[in-house]
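Okay, so here's the structure we're looking at.
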Amino acid sequence: MRSAYHLMPPVAMLLILGLADHASSTEAPAACLPDQASALLQLKRSFNATIGDYPAAFRSWVAGADCCHWDGVRCGGAGGRVTSLDLSHRDLQASSGLDDALFSLTSLEYLDLSSNDFSKSKLPATGFEKLTGLTHLDLSNTNFAGLVPAGIGRLTSLNYLDLSTTFFVEELDDEYSITYYYSDTMAQLSEPETLLANLTNLEELRLGMVMVNMSSNYGTARWCDAMARSSPKLRVISMPYCSLSGPICHSLSALRSLSVIELHYNHLSGPVPEFLAALPNLSVLQLANNMFQGVFPPIIFQHEKLTTINLTKNLGISGNLPTSFSGDSSLQSLSVSNTNFSGTIPGSISNLRSLKELALGASGFSGVLPSSIGQLKSLSLLEVSGLELVGSIPSWISNLTSLTVLKFFSCGLSGPIPASIGNLKKLTKLALYNCHFSGVIAPQILNLTHLQYLLLHSNNLVGTVELSSYSKMQNLSALNLSNNRLVVMDGENSSSVVSYPSIVLLRLASCSISSFPNILQHLHEITFLDLSYNQIQGAIPLWAWKTLNLGFALFNLSHNKFTSIGSDHPLLPVYIEFFDLSFNNIEGVIPIPKEGSVTLDYSNNRFSSLPLNFSTYLSNTVLFKASNNSISGNIPPSICDRIKSLQLIDLSNNNLTGLIPSCLMEDADALQVLSLKDNHLTGELPDNIKEGCALSALDFSGNSIQGQLPRSLVACRNLEILDIGNNKISDSFPCWMSKLPQLQVLVLKSNKFIGQILDPSYTGGGNNCQFTKLQFADMSSNNLSGTLPEEWFKMLKSMIMDTCDNDMLMREQHLYYRGKMQSYQFTAGISYKGSGLTISKTLRTLVLIDVSNNAFHGRIPRSIGELVLLRALNMSHNALTGPIPVQFANLKQLELLDLSSNELSGEIL
């Protein structure tokens, strides 16, 4: 930090000194009162003397000395009472929390304990209410936990309140980021209902990462109503990461002093209100990472005092940039990236002469980039997207010599990457991905020695890349060259390079790599590694597990030709958050990261067994996929020990035998997807399923399961998919499943179901058989009989009309972990003229009914003609009679119709 010194004329200095002497002779400040010093010394003893800046912070805090002259302490008036205490940014640690001695300093007006560590302790429930004169309270980055004490809400003189935790999101590439918090053991505060009710003098409110209690006055849509009502003098509202939801209330328009609105990283929705443009002092509008919708009011762009507008990552916001930006604008930062903005980028953007950050990364932008952007010589960040943008990277880019971030992504630009980019010496991030850039990577890029992120993936770049050449870029943290037409290799001198950069992310998918890169032996900080879709053969080198032992957030070796994990033991000595070995030829025992994992994908290999007690290491695992292997034996009962965390288990297409562990269905509070299809499992399905069942997809097809369908399955209220096809189930048609409100896929084929669809023993009791969301019904190859009931087909509402709900009717199940979507795709087999077809589509594209190979008789129901969304209908191999209903002419989307092997008559119209 720089300090400014101003010289003063000697006469002025003498005059000031004389005035100071006069003041000291008329009113000498009183010495610190003993009780004030005692309280401060007790507070000092509550901190760990060996941690942080303790010696410097308390060097002057000596018993017997006047505490009014201690560092960080100020007294007011002649009373000798402490009015100001500032221990900020000392990295002190108090393992037992905040000492109650603080509340003996009842004359405090200013209290700043920010950037110290109180070890997740709770703020004292009582005490703050004694500090009645407090106007400034800063407890930011203090690692407190629990409820904000009600006493803080009684400090009616407060004009500054900061309870926030600082965070920083480092975007490594377009998929992966790291969020840094102030403390390693960050805890969140929960706000009590009445925190702001009496803070009528509050001007600045900072609550970043404070969890707002949504059951209070800060309810789903009214959090801002309470704020406007309680604190009319507010100038600053800073509440990122506070779990706020609902719209921005119109009541905020009454806060005429508002200058800063920071509401990023919440769940706010609705339109961005136009009244924001009428707030006369507004300078910062930070709304990034929310769920706003609608057209952004263009008048806000014309606000002359606004310095920051950030709408990033609000995909529902649309709009256009103004055709004419005012030269009187104060804008320094403008971001509409990852929104639905569209249109052309106006040349008048050069009127924003104060602009330092310009992020126009919205895919809807089109046309030609205006050359006037090249006049914005103060730009430090330029980010551009637009699928309809035309041309190449413009030559004027080289004029922007202040750039630290240059990003062109998801755009229509093409051509080579110009060598002149190598002249932008201040660049720390160069991201040119998912466009149509071609040619070789300009060697001048290697001269950008300050570069930390180089992202060139998903283009048409060609040539050979030697990884050793990037050793020149000693600050490089992230390198992504995936999905081009590059050939990547170590380089001739990779083993002799003295120093490599501390690369954290290395992604080289589809880079024609034929051997495991030796450069990895030198990259000891690597956390994200993607070598998928290459031609790497043989074993993973043994040194990989010994060298790369710090743990991974991503370790993706899928779609290669590995045959061995290269370790003598299946328990790998690492932590791997996302571990993907799928689509290789690896044999033997499945390897498990000993230190834990979140996602494990071993599918499509040749694994033959699971390690003993493997579930011991799945305490944090959410997804476990091992389909299409040769795993034999029983499903280990020990998997029940980890059923509370697992959300997806896929062991399909193996050689598993024995019974299904009952816990997989009966204790499924977390488990959402369970696929055990195409094994050799026997016995009956567990039938003690408890309320709270979270299952949404069950696939047991292709086994030898007997008995009835478990009636307790109705506890699984979220169940969307049930496939029990190709088993030995003996039961009647399950009308009782109509109680499952989300059921979309029901596959009963090739079992021993008997009786009618509308069983009188069930429907006679007043129950119906109405499957309101069913879109895939396969009951083929059973022993069902009777007539096909007209009324049942009329109840298939999701096949009759296209509703808004259909947007969710996907047979690809989505699960989320840390905001990242994980998917499981449902596949099913259908029969057409004796041939089996495997389909894998969304329900929107395939709506199906298959009742073939049963003993149905009578006429084809005319009501089937009302199922206008039907794509496939198979009624073959029954004893149906009469004509084909003329209503079938309404089935405009029908692609597959099989009525063969029946006793139909009449004409085909």
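Heavy atoms only: backbone and side chains are in, while hydrogens, waters and symmetry mates are out.
Applying the side-chain hydrogen bond (donor to acceptor under 3.5 Å, both in side chains) rule to pairs touching residues 353-368 yields S333-E357, sequence neighbours excluded. Applying the side-chain hydrogen bond (donor to acceptor under 3.5 Å, both in side chains) test to every pair with at least one member in residues 402-411, sequence neighbours left out, gives these pairs: S410-N434.
Although no hydrogens or angles enter the test, the distance criterion places no donor-acceptor pair under 3.5 Å between the side chain of D71 and the main chain of A57. In this structure, E388 contributes its side chain and G386 its backbone to no donor-acceptor pair below 3.5 Å. With hydrogens and angles ignored, the 3.5 Å screen pairs a side-chain donor or acceptor of S121 with a backbone N or O of F118. At distances below 3.5 Å, not a single donor-acceptor pair connects side-chain atoms of N290 with backbone N or O atoms of F292. Although no hydrogens or angles enter the test, the distance criterion places no donor-acceptor pair under 3.5 Å between the side chain of D86 and the main chain of G72. Listed for the S88 side chain is no donor-acceptor partner under 3.5 Å among the backbone atoms of L113. A donor-acceptor pair under 3.5 Å is formed between the side chain of Q286 and the backbone N or O of A288.
S337 meets the side-chain hydrogen bond (donor to acceptor under 3.5 Å, both in side chains) test with E383; sequence neighbours excluded. A search for ring-ring contact (aromatic ring centres under 6.0 Å, His included) contacts involving F275 returns H250, not counting sequence neighbours. Listed by chain and number, the residues in a salt bridge (Lys or Arg N to Asp or Glu O under 4.0 Å) with R154 amount to none (sequence neighbours excluded). By the salt bridge (Lys or Arg N to Asp or Glu O under 4.0 Å) test, E203 pairs with R235, sequence neighbours left out. By the side chain to side chain contact (heavy atoms under 4.5 Å, CB included) test, D174 is found to be paired with Y433, H457, residues two or more places apart in sequence or in another chain being considered. Partners of S95 according to the side chain to side chain contact (heavy atoms under 4.5 Å, CB included) rule, which considers only residues two or more places apart in sequence or in another chain, are S119. Every residue two or more places apart in sequence or in another chain that forms a side-chain hydrogen bond (donor to acceptor under 3.5 Å, both in side chains) with D112 is listed here: S114. With sequence neighbours excluded, the residues that form a side chain to side chain contact (heavy atoms under 4.5 Å, CB included) with V405 are L381, T428, K429. Partners of S177 by side chain to side chain contact (heavy atoms under 4.5 Å, CB included), not counting sequence neighbours, listed by chain and number: V169, E171.
The side-chain heavy atoms of L454 and N480, taken from C-beta on, include no pair separated by under 4.5 Å. For the pair D53/D91, no side-chain contact is recorded, criterion being any heavy-atom separation below 4.5 Å from C-beta on. The shortest side-chain heavy-atom distance between F325 and L334 falls under the 4.5 Å cut-off. No side-chain heavy atom of P297 sits less than 4.5 Å from a side-chain heavy atom of L276. Looking only at side-chain heavy atoms (C-beta outward), I248 and L263 come within less than 4.5 Å of each other. Two residues are said to be in side-chain contact when any heavy atoms from C-beta on lie closer than 4.5 Å; F301 and I309 meet this criterion. Here the side chains of V73 and L85 are in contact, with some heavy-atom distance below 4.5 Å. Proximity of V260 to S283: side-chain heavy atoms (C-beta onward) are separated by under 4.5 Å at one or more points.
From I317, atom CD1 reaches atom CG of L287 across 7.0 Å, with rounding to the nearest 0.5 Å. In this structure, the separation between CG on L406 and OG on S380 is 11.5 Å, given to the nearest 0.5 Å. Of the inter-residue distances, the one linking L205 atom CG with S238 atom OG reads 8.0 Å to the nearest 0.5 angstrom. Note that CG of L360 and SG of C411 are 12.5 Å apart. Values are rounded to the nearest 0.5 Å. A distance of 9.5 Å separates CG of L413 from CG of L432, quoted to the nearest 0.5 Å. Interatomic distance, CD1 of I51 versus CG of L92, reported as 9.5 Å (0.5 Å rounding).
Counting only N and O atoms by type, the side chains of N201 and K233 include a donor and acceptor under 3.5 Å apart. Side chains of H89 and S115: a donor-acceptor N/O pair is present below 3.5 angstrom, by distance only.
Heavy atoms from other residues, nucleotides or ligands lying under 6.0 Å from CD of E129 number more than 12. The number of heavy atoms from other shown groups lying within 6.0 Å of CD1 (I299) does not exceed 12. Within 6.0 Å of atom CD in E170, more than 12 heavy atoms from other residues, nucleotides or ligands are found, so the atom counts as buried in its surroundings.
Between F168 and Y180, the ring planes are parallel. Angles under 30° get that label, and only those over 60° would be called perpendicular.
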(message) Using side chain to side chain contact (heavy atoms under 4.5 Å, CB included), reason through I300 and L306 one step at a time and then give a plain yes or no.
(response) CA-CA 9 Å; I300 294 179; L306 269 174; 3.7 Å; yes
(request) Please assess T142 against N116 for the test side-chain hydrogen bond (donor to acceptor under 3.5 Å, both in side chains), listing each intermediate value before the final yes or no. (result) CA-CA 5 Å; T142 45; N116 293 296; over 6 Å; no
(request) Report the C-alpha distance between H303 and L282 in whole Å, list the side-chain angles of each, state the deciding distance to 0.1 Å, and finish with yes or no for side chain to side chain contact (heavy atoms under 4.5 Å, CB included). (result) CA-CA 8 Å; H303 196 301; L282 191 62; 4.0 Å; yes
(request) Go through F167 and Y181 one step at a time and tell me if the ring-ring contact (aromatic ring centres under 6.0 Å, His included) criterion holds. (result) CA-CA 5 Å; F167 66 93; Y181 308 101; 7.3 Å; no
(request) Please report the C-alpha distance between L258 and I237 in whole Å, then the side-chain angles of each, then the deciding distance to 0.1 Å, and finally whether the side chain to side chain contact (heavy atoms under 4.5 Å, CB included) criterion is met. (result) CA-CA 8 Å; L258 268 181; I237 299 175; 3.8 Å; yes
(request) Kindly indicate, with the supporting measurements, whether the criterion side chain to side chain contact (heavy atoms under 4.5 Å, CB included) is fulfilled by N310 and L285. (result) CA-CA 6 Å; N310 194 334; L285 182 61; over 6 Å; no
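In this structure, F578 has its ring center at least 6.0 angstrom away from the ring center of F528.
Across all their heavy atoms, L102 and L108 have their closest contact at CD1-CD1, 4.0 Å. Nearest approach of T323 to P346, heavy atoms of both residues: O-CB, 3.7 Å. Scanning all heavy atoms of the two residues, the minimum distance from Q302 to P322 falls at NE2-CB, 3.5 Å.
S350 pairs in a side-chain contact (heavy atoms from CB on, under 4.5 Å) with only one of the listed residues (P370, S371, S372), which is S372.
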Please set out all donor-acceptor pairs under 3.5 angstrom arising from side-chain atoms of residues 155-162, sequence neighbours excluded.
residue, atom, partner, partner atom, Å
Y160, OH, D162, OD2, 3.4
D162, OD1, S164, N, 3.0
D162, OD1, S164, OG, 2.6

